[in-house]
There are 2 protein chains.
Amino acid sequence: MDKSASIERIFQDLRRVVHALELYSKDVNARFGLTAPQLWALWELERGGPASLGALALTLQLHPSTLVGVVDRLEAKGLALRDPDPADARRIRIRLTPKARALLKHAPHPAQGRLVHGLQAMSERQVTELRRAVATLVRVMEAEDLEARFFFSEE
Amino acid sequence: MDKSASIERIFQDLRRVVHALELYSKDVNARFGLTAPQLWALWELERGGPASLGALALTLQLHPSTLVGVVDRLEAKGLALRDPDPADARRIRIRLTPKARALLKHAPHPAQGRLVHGLQAMSERQVTELRRAVATLVRVMEAEDLEARFFFSEE
DNA sequence: CTCCAATCATTTGTGCTCAAATAATTGTGA
DNA sequence: TCACAATTATTTGAGCACAAATGATTGGAG
């Protein structure tokens with residue numbers, strides 16, 4: 001297979017990866033009541049403690065305005081709370097409720113779904129190769145992204 | 001790096017890949033007026049000729065209800081038309097307008113954006129490795145997906 | 001020939017995503 | 001100190017994605 005055919009295939013396959021991840025998220029939601037972004041947010045709050053909306057958005061790599069809705073839904077489910085930040089009235093402090101902590105004990109870790117189950121069935125060598133390849137992809141894509149942003153910011 | 005750390009990393013990186021793809025789509029839309037799904041749909045219609053909504057959804061791997069909105073927007077832009085299917089009144093035949101065909105000549109091919117530009121800068125050997133790795137990923141993910149669907153359909 | 005189940009497109013409802021505009025608050029430079 | 005710029009969260013608007021329900025049409029079984 002020549003290079004351009006490989007590139008075409010990589011894109012098709014990436015679309016399928018994205019698709020599978022989405023289906024997985026919907027599936028977890030249907031079965032468990034929490035979507036992947038919601039689980040990621042909870043898990044990150046558990047790991048890093050209370051955080052401002054902006055800080056959490058940064059670690060989750062989401063746009064702040066995206067995270068507002070996610071936190072809204074977590075709050076509606078009684079899993080997260082918005083406290084005012086005593087030091088800065090512009091900020092909020094998002095923290096977990098005891099209910100959330102209890103739930104996280106039994107929740108599928110965002111990186112332990114059935115997709116990861118498949119990865120675990122692969123040899124360590126294969127997983128390492130895959131990790132390297134995906135890391136390369138990220139590097140290339142984000143580099144191009146930055147470059148383009150810089151380029152167009154000059155216009 | 002041990003296996004579970006590799007798996008964790010793979011997932012983080014995949015999230016970043018998805019993120020970069022989304023940003024790219026939004027970017028093309030802002031600059032060109034068409035989102036990635038719209039471009040994919042146009043390109044597929046150009047390649048395969050007029051198609052029913054269900055058939056197009058299948059080749060694009062989208063849920064039919066998702067595609068309805070995409071086609072609505074293409075129609076609103078004067079790029080696609082819904083014709084009745086003479087053979088079956090339930091079906092529609094989606095086809096391109098001349099405007100769409102003219103536009104496609106200058107449009108960024110869905111798989112020729114700046115992300116692909118980055119891939120093209122890589123060596124053929126690297127690209128081949130990446131293709132294999134991503135294909136492995138797809139195989140693993142979709143196999144797990146099928147397995148889970150089968151498992152839960154037995155409940 | 002007539003029901004009735006299957007098929008096809010669509011609508012509705014929920015959620016995620018971004019960007020741009022808005023409002024409140026902070027901190028700083030004159 | 002005080003006006004003004006920066007920061008922070010939110011709202012608004014557009015689009016994508018799925019599932020489930022709906023309505024129209026087809027085609028087959030009795």
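Proteins get letters first, then strands, A, B, ... in listed order; numbering begins at 1 in each.
Between B/Arg82 and C/dA9 there is no side-chain N or O to OP1 or OP2 distance below 4.0 Å.
Tested against A/Leu79 for a side-chain contact (heavy atoms from CB on, under 4.5 Å), the candidates A/Leu104, A/Leu74, A/Leu96 yield a single pass: A/Leu74.
With rounding to whole Å, B/Asn29 atom CG is found 11 Å from C/dA19 atom C1'. Rounding to whole angstrom units, CG of residue A/Asp72 and P of D/dT12 are separated by 12 Å. Whole-Å rounding puts the B/Arg73 CZ to D/dA14 C1' distance at 8 Å. One atom, CG of B/Asp85, and another, P of C/dC8, lie 11 Å apart when rounded to the nearest Å. The CG-P distance, from B/Leu23 to C/dA19, rounds to 6 Å in whole Å. Note: CG (B/Leu67) to P (C/dT11) measures 13 Å, nearest angstrom. In this entry the distance linking CG of A/Leu62 with P of D/dT10 reads 14 Å, nearest Å. Following rounding to the nearest Å, B/Leu60 (CG) and C/dA9 (C1') show an atom-to-atom distance of 16 Å.
Separating the OG atom in A/Ser25 from the CG atom in A/Leu34 is a distance of 10.0 Å, to the nearest 0.5 Å. Rounding to the nearest 0.5 angstrom, the gap separating the CG atom in A/Leu56 from the CG atom in A/Leu67 is 5.0 Å. A distance of 7.0 Å separates CG in B/Leu103 from CG in B/Leu42, rounded to the nearest 0.5 Å.
Checked for salt-bridge contact, A/Lys26 and A/Glu22 miss the test: no charged N lies under 4.0 Å from a carboxylate O. Between B/Glu44 and B/Arg47 a salt bridge is recorded (basic side-chain N to carboxylate O distance below 4.0 Å). The residues B/Asp13 and B/Arg9 are annotated as not salt-bridged, no charged nitrogen and carboxylate oxygen being separated by less than 4.0 angstrom. Using a 4.0 Å cut-off between a side-chain N of Lys or Arg and a carboxylate O of Asp or Glu, B/Asp72 and B/Arg82 qualify as a salt bridge.
Taking every side-chain heavy atom of A/His63 into account, C/dC18 is the closest of D/dC16, C/dC18, D/dT10. Here the side chain of A/Arg91 is nearest to one of D/dC18, C/dC18, D/dT8, namely D/dT8. Minimum atom distance to the side chain of B/Pro37 is reached by D/dA17, of the listed C/dC16, C/dT11, D/dA17.
Although no hydrogens or angles enter the test, the distance criterion places a donor-acceptor pair under 3.5 Å between the side chain of B/Lys77 and the main chain of B/Gly33.
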Per-nucleotide protein contact string for nucleotides 21-28 of chain D (B base, S sugar-phosphate only, - none; heavy atom under 4.0 Å)
----BS--
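Qualifying side-chain hydrogen bond (donor to acceptor under 3.5 Å, both in side chains) partners for A/Asp85, counting only residues two or more places apart in sequence or in other chains: none.
In terms of position on DNA chain D, the residue among B/Gln61 and A/Pro64 whose nearest nucleotide sits closer to the 5' end is A/Pro64. Taking the nucleotide of DNA chain D with the nearest heavy atom to each of A/Glu22 and A/Ser65, the more 5' of the two is matched to A/Ser65.
Contact annotation for A/Thr35: backbone-only contact, meaning every heavy-atom pair under 4.0 Å involves sugar-phosphate atoms and none involves a base. Using a 4.0 Å heavy-atom distance criterion, B/Thr66 is classed as a base contact.
Heavy-atom distances under 4.0 Å link DNA chain C to no residue of residues 50-58 of chain A.
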